[in-house]
A.B. asks: 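One structure coming up, written as structure tokens, with questions to follow.
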Amino acid sequence: MKRRDFLLLSAATLAGCHLPPPVFSDAAKISTALPDADDWQRLAQQLTGDLLFPAADDYNRLKKAANARYDEVPTAVIIRCQTAADVQHAVRFIRQYQLPFTVRSGGHSYTGLSSTSGVLLDIGLLNLISLRQNIASIGAGAKLGDVYATLGLQQRSIPAGSCASVGIAGLVLGGGLGIADRRFGLTCDALRRVELVTATGELIYCSNTEHPELFWALRGGGGGQFGIATQFEFDTFATAPIRNYIGRYPLKDGNQVLAVWQQWLKTLPDEIWSQATVWFNGQQDSKPEIQLRACSMGHPALLSQHWYQLALQLGSVWSEVDMQDHQYLDFMLTDCDGLEMPECKLPNQHERGQLKRVAMAGSSDIFNDYLPLSALHHLLNAIRKRHRDGFRGGLMLTSMGGAIRRVPPGHSAFAHRAAVLSAQYLFSGPVGTPEAMLQEGAVWVNQMRKQMRRWSSNGAYLNYTDALIKDWPQAYYGDNYVALQQLKRQYDPDNLFRFAQSIQPA
Ligand SMILES: Cc1cc2nc3c(=O)[nH]c(=O)nc-3n(C[C@H](O)[C@H](O)[C@H](O)COP(=O)(O)OP(=O)(O)OC[C@H]3O[C@@H](n4cnc5c(N)ncnc54)[C@H](O)[C@@H]3O)c2cc1C
């Protein structure tokens, strides 16, 4: 390590963590000094993966997360873990020297939770995927695109999200919403077993029979809280072709469209998933529209029958409807159209990655009842105003229920089993969007949540983190928070894994 790098690291180590340092129960093993160059050298020798300081080739590429809002965070050192043993060595080292750190799988955290000015533990290389007797074994650094591509070759899949570059770890630990969730449950509902490095660097396994209470917490309790997952085992389902409808309607008719759409959602079998979206790009003369989507895997006729009913009820509203049938893999890998799998990554995830990064902020709402007309009026007025004022923004309303709701509320740490709809409020701009603009967007998405408070459960989806939510324990975890705090006390009493909105040990 060069002296300049070491000085930079030391400065970041001292200044990087704004949270109070933990008081370790095994104080005898804790060093009060910062690691020196020899200590780093020793760590490097223990690792199969790499230790990268700011002067290293690739450092600038690898330090960036998916959200360009955090590009300027001056990461001191990157540990690229290649094996679970690497993660164990790294955790023990971080603990010994009390270094600020975070862990990154896909790097999509909305609030930059996988960016740090201290040590970045990048587990992206722990990405092996295999299938045996219909059980998928997935390295915690794998991206959803690779998961779909590898399992899809054997006509199997897991219920998960829609974006190829999202990491399996962050997704499953926070729950995992996607087009198959009403039929097969959340990503975390398909989880059978987790390999995890604890706060003391021990490698343990969590399942219904091994550390079952921690397994409960890992299904919806969120990333970066109880340990570092290194591998997951999932139940899989057999894939089938997907039929997809998209209907476009003028935003001015939005109240009627969403009212009819919600009535229609109530009639849907679990085989059908649906979403309503509105996007506007900040140009006042553009004409935003409401887009309704519905898709079904393996039940094309059922979907067409239902869509026909929706179209009948919306007959008086101008629309443009598109229906397409897709092979399962083509549909799930839409992001990768024309790209080979290494190219279907963000540039920071793979040197050949060609997917585009954005700077963004988001927030969410959980609704346990469908929205009455007064709520739709309120929601769409706020959206129309945002458009009229010439700002960027987006709204996504997504069907929940079905298999998600059939899991009893206390069965896992995911708190929103009773939901019928989730809402996502989004602001996004190109790489280089000024921070002032991003802050304005973050305030707007949070205000959308406040405006809908009267009708929401007050819940928020943990994977759409919003740093401005004040009552976050209740919003993310609901009644599960107290149990999660007790587990935190049991598995991470010194609060090694901590950030602004992390679970506090009881
Ligand atoms: C473009 C985009 C599309 C999305 N689509 C969906 C979707 O369809 N469905 C959905 O449910 N969500 C979706 N999300 C939200 C997504 O689930 C969360 O952002 C999730 O946290 C991303 O996981 P990651 O591994 O990519 O992120 P990271 O930023 O790497 O990790 C997220 C959090 O988990 C921690 N973490 C990472 N790896 C580990 C590990 N191995 N062990 C323990 N903790 C870890 C991090 O420290 C951080 O706190 C989307 C987000 C974006 C930006």
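Everything quoted here is computed from the prediction, not taken from an experiment. In each ligand, atom 1 is the first atom listed, and ligand 1 is the first ligand listed.
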A.B. asks: Do any nitrogen or oxygen atoms of Gly167 come within less than 3.5 Å of a nitrogen or oxygen of ligand 1?
C.D. replies: yes
A.B. asks: Does Met360, backbone or side chain, put an N or O under 3.5 Å from an N or O of ligand 1?
C.D. replies: no
A.B. asks: Would you say Ser165 and ligand 1 have an N/O pair spaced under 3.5 Å apart?
C.D. replies: no
A.B. asks: Within the structure, is a non-hydrogen atom of Ala65 found at a distance of less than 4.0 Å from ligand 1?
C.D. replies: no
A.B. asks: Determine, stepwise, if the pair Glu233 / Tyr205 fulfils side-chain hydrogen bond (donor to acceptor under 3.5 Å, both in side chains).
C.D. replies: CA-CA 11 Å; Glu233 274 178 24; Tyr205 294 87; over 6 Å; no
A.B. asks: With a cutoff of 4.0 Å, is Ser162 in contact with ligand 1, counting heavy atoms of the residue only?
C.D. replies: yes
A.B. asks: For ligand 1, is Gly107 a contact, meaning one of its heavy atoms is under 4.0 Å away?
C.D. replies: yes
A.B. asks: Report yes if Ala169 has an N/O atom closer than 3.5 Å to an N/O atom of ligand 1; otherwise report no.
C.D. replies: no
A.B. asks: Hey, does Phe226 sit under 4.0 Å from ligand 1 if you only count heavy atoms?
C.D. replies: no
A.B. asks: Tell me the nearest of Leu121, Leu144, Ile123, Leu171 to atom 12 (N) of ligand 1, using heavy-atom distances.
C.D. replies: Leu171
A.B. asks: Is Ala66 near ligand 1, meaning one of its heavy atoms is under 4.0 Å from it?
C.D. replies: no
A.B. asks: Hey, does Tyr464 sit under 4.0 Å from ligand 1 if you only count heavy atoms?
C.D. replies: yes
A.B. asks: Any nitrogen or oxygen of Ser109, side chain or backbone, less than 3.5 Å from one on ligand 1?
C.D. replies: yes
A.B. asks: Going by the order shown, which atoms of ligand 1 are within less than 4.0 Å of some heavy atom of Gly227?
C.D. replies: 42 (N), 43 (C)
A.B. asks: In terms of residue, atom name and distance, what is the protein heavy atom nearest to atom 44 (N) of ligand 1?
C.D. replies: Gly224 N, 2.8 Å
A.B. asks: Please write down residue, atom name and distance for the protein heavy atom closest to atom 46 (C) of ligand 1.
C.D. replies: Val103 O, 3.1 Å
